[in-house]
Number of protein chains: 2
Amino acid sequence: MIEYIILGFLMRQAMTGYDIKQYMGYSTAYFMDASFGSIYPALKRLTEKGLISLSEVVEGGKLKKVYSITNAGRESFSKWLGSPIEASKNNISGSLTKIFFLSYLPKEQAAALLHGYIRDIDEYRQGLTKLRELVILHANGFELSTLDFGLDYYTFIIDWYSRYLQNL
Amino acid sequence: MIEYIILGFLMRQAMTGYDIKQYMGYSTAYFMDASFGSIYPALKRLTEKGLISLSEVVEGGKLKKVYSITNAGRESFSKWLGSPIEASKNNISGSLTKIFFLSYLPKEQAAALLHGYIRDIDEYRQGLTKLRELVILHANGFELSTLDFGLDYYTFIIDWYSRYLQNL
DNA sequence: GGCGCCATGTAACCAGTTACATGATTGC
DNA sequence: GCAATCATGTAACTGGTTACATGGCGCC
């Protein structure tokens, strides 16, 4: 996940590891805020894979490693961005990360992606309704309400993304 | 987390590791579904800590390890259940796990817990509103909408738990 | 005799976080 | 001179998952 966020950031401009952390702080922070302990190793891995490249710069006496995305990196990022959003798990971060970078996807492809996500969530919600019939036989009120939260929650997600899709 | 779920299940009745997995499948599965690879080691740890105890039973030729919660375990569980629900992170599972076991908490304490959670989420939501003013200066529409999702999402959470609190 | 379920467990892996270590620059 | 911020990095830990290994029972 963190690797794709980094690629996404580098799509806009070259950055250092420190910059990336800073930028996260006032952009994706609320749904995704990685630590240096995951950013620096991720930059290392991405460089080894050839998806980004670095140039070492000395600025104000400090050594800076400025990373840029390569063509292979752009390709990898686009492939990931266009792939379906996983609906199965409580994965707000996963879906929001794609929304965040959606400007890098052609409009029709973005619409298709959201459409598929809404369909998958709806399917999952229907599965929950079936589960509810089973659970109601043995669960107490408290236990049942966690399931009802789930139903309401997925309804909210479906509504929100449907509205979002219309405004696209 | 998994350790507290196990303690919660054992509050109701003694169970084997396999039972726990089964029971999760038709109760907490949609927000929390652990694998055997985390259940068995957790049972081992809980036993070592003295929070649960086991009796080995041979039933139908199969060796079963039936686990029961100890007094220390009950105490640990109640302490955890009564402690504040973390509002800071996208932690649906965390809050739902407590809702699921809320019947083990005295009504007033349950109400206080939910009340505190709603207050914390509301505070967090206000922080997001402030962040939005900052973000709007440099973000594009897609980037901003992830933040708007956050605002709508926390509004949903607040509404849901407020309604829940009233029906308690 | 083979499939599906019951039942327990371990080893390797994963995607991160926390805490630590280092050192330079800027501003009071 | 010392605190805050800039800047990079590693080691140990965390809380799991996946895949594997083992074996017995019931049923067709």
Side-chain angles (χ1 to χ4, degrees), chain A residues 1-9 14-26 28-49 51-67 80 86 88-94 96-97, chain B residues 1-7 9 14-26 28-29 31-49 51-52 54-67 80 86 88-94 97:
Chain A
M1 188 83 268
I2 178 65
E3 297 190 11
Y4 291 113
I5 310 251
I6 291 175
L7 289 179
F9 282 172
M15 281 175 152
T16 68
Y18 193 86
D19 290 340
I20 288 167
K21 170 78 175 149
Q22 292 286 97
Y23 194 75
M24 271 189 188
Y26 55 88
T28 67
Y30 107 86
F31 64 93
M32 175 104 308
D33 196 10
S35 63
F36 285 122
S38 72
I39 292 171
Y40 285 117
L43 286 168
K44 204 175 174 184
R45 289 194 303 272
L46 286 167
T47 309
E48 281 161 7
K49 287 186 215 164
L51 303 181
I52 61 176
S53 65
L54 78 153
S55 63
E56 304 201 351
V57 182
V58 180
E59 210 180 290
K62 275 168 286 191
L63 175 79
K64 278 189 179 185
K65 295 189 173 179
V66 183
Y67 293 90
W80 165 78
E86 272 182 75
S88 52
K89 291 185 182 167
N90 272 324
N91 192 8
I92 295 185
S93 312
L96 288 187
T97 306
Chain B
M1 187 86 269
I2 179 66
E3 296 190 11
Y4 291 112
I5 309 248
I6 290 175
L7 288 179
F9 282 171
M15 281 176 153
T16 68
Y18 193 85
D19 291 340
I20 288 166
K21 170 79 176 149
Q22 292 287 96
Y23 195 76
M24 271 189 189
Y26 54 88
T28 67
F31 64 93
M32 175 103 307
D33 195 10
S35 64
F36 285 122
S38 72
I39 291 171
Y40 285 117
L43 287 168
K44 205 176 174 184
R45 289 194 303 272
L46 286 167
T47 309
E48 281 162 7
K49 287 186 215 166
L51 303 181
I52 61 176
L54 78 153
S55 65
E56 303 200 351
V57 182
V58 179
E59 210 180 288
K62 275 168 286 190
L63 176 78
K64 276 191 182 184
K65 295 191 174 178
V66 182
Y67 292 91
W80 165 79
E86 273 182 75
S88 54
K89 290 184 183 171
N90 271 323
N91 191 9
I92 295 187
S93 312
T97 306

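This one's a predicted model, so the numbers in the text were calculated from it and none came from an experiment. Residue numbers start from 1 in every chain, and the chains themselves are labelled A, B, ... in the order their sequence lines are given, proteins ahead of strands.
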remark   = A:Y40 has its side chain closest, among C:dG23, C:dA7, D:dT10, to D:dT10
request  = Give a yes/no on whether any side-chain N or O of A:K44 is located under 4.0 angstrom from OP1 or OP2 of D:dT10.
outcome  = yes
message = Counting the atoms with a prime plus P, OP1 and OP2 as sugar-phosphate, which does A:G17 contact under 4.0 Å by heavy atoms, base, sugar-phosphate, or nothing?
response = sugar-phosphate
query = D:dG15 phosphate, OP1 or OP2: any side-chain N/O from B:S38 under 4.0 angstrom?
reply = no
ask   = How close or far is atom C1' of D:dT8 from atom CG of A:L46, stated in whole angstroms?
value = 16 Å
inquiry  = Please verify the inter-ring angle class for B:W80 with B:Y4; under 30° counts as parallel, over 60° as perpendicular, anything in between as tilted.
reply    = parallel
ask   = Are OP1 or OP2 of C:dC6 and a side-chain N or O of B:T16 less than 4.0 angstrom apart?
value = no
task = Report yes if a side-chain nitrogen or oxygen of B:S35 is closer than 4.0 Å to either non-bridging phosphate oxygen (OP1 or OP2) of D:dT18; otherwise report no.
result = no
ask   = Is any side-chain nitrogen or oxygen of A:K64 closer than 4.0 Å to OP1 or OP2 of D:dA7?
value = yes
ask   = In terms of side-chain heavy atoms of A:K62, which of D:dA7, D:dG24, D:dT8 is nearest?
value = D:dA7
message = Side chain of B:P41 only, heavy atoms from C-beta on: which candidate in D:dT10, C:dA7, C:dT10 is closest?
response = C:dT10
request  = Would you indicate, yes or no, if D:dG9 has its OP1 or OP2 atom less than 4.0 angstrom from a side-chain nitrogen or oxygen of A:K65?
outcome  = yes
note = Considering only heavy side-chain atoms of A:Y67, the closest of D:dC6, D:dG16, D:dG9 is D:dG9
